[in-house]
There are 2 protein chains.
Amino acid sequence: MTAMTAETVETPAAPEKELPVRDRVQTQGRIFQAGRALLAEGGFQAFGVNAVARKAGCDKQLIYRYFGGLDGLVDAIGEDLAGWVTQHVPEDQGGRFLLTYGDLMERLAELYADALRADPLMRRILVWELSENSPHIARMAEARAKGIAQWIERMRGSLTPPKGADTVALNAVIIAAVQQLVLAAETSGSFAGLPLKSQKDWARAVSAVARMARAAYA
Amino acid sequence: MTAMTAETVETPAAPEKELPVRDRVQTQGRIFQAGRALLAEGGFQAFGVNAVARKAGCDKQLIYRYFGGLDGLVDAIGEDLAGWVTQHVPEDQGGRFLLTYGDLMERLAELYADALRADPLMRRILVWELSENSPHIARMAEARAKGIAQWIERMRGSLTPPKGADTVALNAVIIAAVQQLVLAAETSGSFAGLPLKSQKDWARAVSAVARMARAAYA
DNA sequence: CGGCAAAGTCACCCGATGGTGATTAGGCCG
DNA sequence: CGGCCTAATCACCATCGGGTGACTTTGCCG
């Protein structure tokens, strides 16, 4: 329709008329971001070819062409998140001295909680991991496990855990607790009677984890 | 068709011809069980009116009639699970003496892990809780939290936690860790580098939780 | 027997989904 | 200008989802 044909109803305000960019990499980027956003907002339930295409403002066909379908898109997003731990959990010491291995794990718990609480996408993916076991998701989980191990390795310095402590198991427990608390907080705002809404609530929770970490490694 | 009308083709072997029971409560039961089974097997994703009806071997209309739709069915299942903790986490002491509050929580962690590992339905519902926040689900979570609190209360006897210990927070952390480990085990078979498949793996994990519980309450 | 309420089934509707082949629209280059 | 490669869209399909109204069967009771 040319501009001449009398102002139709929608002419007054056509705010959504993003004309097609006709730029492959940019469109790929839009799809990619749409996927991330959708996942972050609505979780894997809201994640589908149609939804992504709608959000990206392009035809779903392009998802197949550029990513080889949803699986490919998930892969791309997952790959992008491979270094998540390394990128989102800082390795400085926040002005504190880490005197013991327990201090170290206490710090990790705190940082991991912060990072997770700040990243909806990652949270959704964590829940996704609990819901089904597709290869993509498994890969992401593995990458994260490695990231955490690397973090510990790099931060450890000369700190050593007490003899007889099963560090792998203890660390897994600490991380598990943090993770479950953060995930539960989002939907129910509390866990097992412990409120998890305000900043104070979180300070309390983290302090409990810290106490356990320190005590276990004492 | 009367018995006289010559044996029709299907008489020799009619394996799938469950004739309709025409018994309301029984049909209700079938629907209910189908819902539970479906939820346990495939999680909330596989849960829908059509699927339940298929599994129950009746028309989906009956789900609406007898339960008022899926929501009603979920409610029914949830109500049935209200006393889950009380029913599935035993209160005897397994031949052990619980000398300290830490022992108590250690024991709870162990029992809770066992109970959860033995109950696919409950696991699915826990994951569901992390995925969305419908009122039904919230109610279930609340009931569970109460159940745990009651368990502790009943088992506590004269045991008292050390002064200055934030029992609510510490207990929540312990339960959270157990829960996350059990849920993660199902799909990925490990968590943060800790394998969670064999009975031995679990002994290791539980022992780590136990150590932390004891230490934190020392 | 006749009839009636309850149990159960059928046939649809609508919208959304994943997925595909054919088609259009646009820029670039000779 | 005309051709050509490619980004992008369109139109369509089969399927499945939740949901509803009309229908048939069955057993019971007077």
Side-chain angles (χ1 to χ4, degrees), chain A residues 1-3 14 16-35 38-39 41-77 128 131-132 134 136, chain B residues 1-3 5 8 10 14 16-35 38-39 41-77 128 131-132 134-136:
Chain A
M1 57 180 79
T2 64
E16 292 298 353
K17 217 46 217 169
E18 304 234 1
L19 77 164
V21 257
R22 215 157 189 88
D23 174 341
R24 175 164 180 156
V25 300
Q26 182 176 338
T27 304
Q28 267 178 327
R30 291 173 60 134
I31 293 175
F32 182 82
Q33 290 303 339
L38 219 50
L39 216 46
E41 290 159 17
F44 60 100
Q45 303 187 66
F47 191 70
V49 188
N50 297 299
V52 171
R54 220 175 298 134
K55 183 136 201 153
C58 68
D59 196 276
K60 60 180 166 182
Q61 174 72 13
L62 299 183
I63 297 172
Y64 292 99
R65 266 218 261 289
Y66 297 157
F67 291 91
L70 260 195
D71 285 6
L73 182 53
V74 172
D75 264 344
I77 294 176
W128 199 358
S131 300
E132 54 175 309
S134 67
H136 322 111
Chain B
M1 54 181 78
T2 64
T5 59
T8 53
E10 70 268 11
E16 290 299 352
K17 217 45 218 173
E18 303 233 0
L19 77 165
V21 257
R22 221 162 184 79
D23 174 341
R24 175 165 181 155
V25 300
Q26 183 175 336
T27 303
Q28 266 178 327
R30 291 173 60 135
I31 293 175
F32 182 81
Q33 290 304 338
L38 219 51
L39 216 46
E41 290 158 18
F44 60 100
Q45 304 187 61
F47 191 68
V49 187
N50 298 299
V52 171
R54 223 175 296 135
K55 182 137 201 153
C58 68
D59 197 278
K60 60 179 168 184
Q61 174 72 14
L62 299 183
I63 297 172
Y64 290 99
R65 267 220 263 288
Y66 297 157
F67 292 91
L70 260 194
D71 285 5
L73 181 53
V74 171
D75 265 343
I77 294 176
W128 199 358
S131 300
E132 54 175 309
S134 68
H136 321 113

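Order of the sequence lines sets the chain letters (A, B, ...), proteins ahead of strands, with each chain counted from 1.
- Rounded to whole angstrom, the span from the CD atom of B:Gln45 across to the C1' atom of D:dG18 amounts to 17 Å.
- The base of D:dT6 lies outside donor-acceptor range of the side chain of A:Arg24, with no N or O pair under 3.5 Å.
- Contact check for A:Asp71 versus A:Asp75: no side-chain heavy atoms found under the 4.5 Å cut-off.
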Original post:
Could you go step by step and tell me if B:Phe44 and A:Ser131 meet the side chain to side chain contact (heavy atoms under 4.5 Å, CB included) rule?
Top reply: CA-CA 9 Å; B:Phe44 60 100; A:Ser131 300; 4.3 Å; yes
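- As rounded to whole Å, 16 Å separates atom P of D:dG18 from atom CZ of B:Phe67.
- Atom-to-atom, CZ of A:Arg30 to P of D:dA7 comes out at 15 Å; the value is rounded to the nearest Å.
- Residues from residues 51-65 of chain B that place a heavy atom under 4.0 Å from any atom of DNA chain C, listed by number: B:Cys58, B:Asp59, B:Gln61, B:Leu62, B:Arg65.
- Distances shown here put a side-chain N or O of A:Thr27 below 4.0 Å from the OP1 or OP2 atom of D:dA8.
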Original post:
Should A:Phe67 and A:Phe32 be marked as a side chain to side chain contact (heavy atoms under 4.5 Å, CB included) after you check the CA-CA gap, both sets of side-chain angles, and the distance that decides it?
Top reply: CA-CA 9 Å; A:Phe67 291 91; A:Phe32 182 82; 4.3 Å; yes
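- In this structure the side chain of A:Gln61 never reaches within 4.5 angstrom of the side chain of A:Tyr66, judged on heavy atoms.
- Rounded to whole angstrom, the span from the CD atom of A:Gln28 across to the P atom of D:dT6 amounts to 14 Å.
- Taking 4.0 angstrom as the limit, A:Asn50 places a side-chain polar atom (N or O) nearer than this to OP1 or OP2 of C:dG18.
- Computed from coordinates, the B:Leu70 CG to D:dT20 C1' distance equals 15 Å when rounded to whole Å.
- In this structure, the side chain to side chain donor-acceptor pair (under 3.5 Å) partners of A:Asn50, at least two apart in sequence or on a different chain, are A:Lys60.
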**OP:** Decide side chain to side chain contact (heavy atoms under 4.5 Å, CB included) for A:Arg30 and A:Lys55; before the verdict, give the C-alpha distance in whole Å, the side-chain angles of both, and the deciding distance to 0.1 Å.
**Re:** CA-CA 9 Å; A:Arg30 291 173 60 134; A:Lys55 183 136 201 153; over 6 Å; no
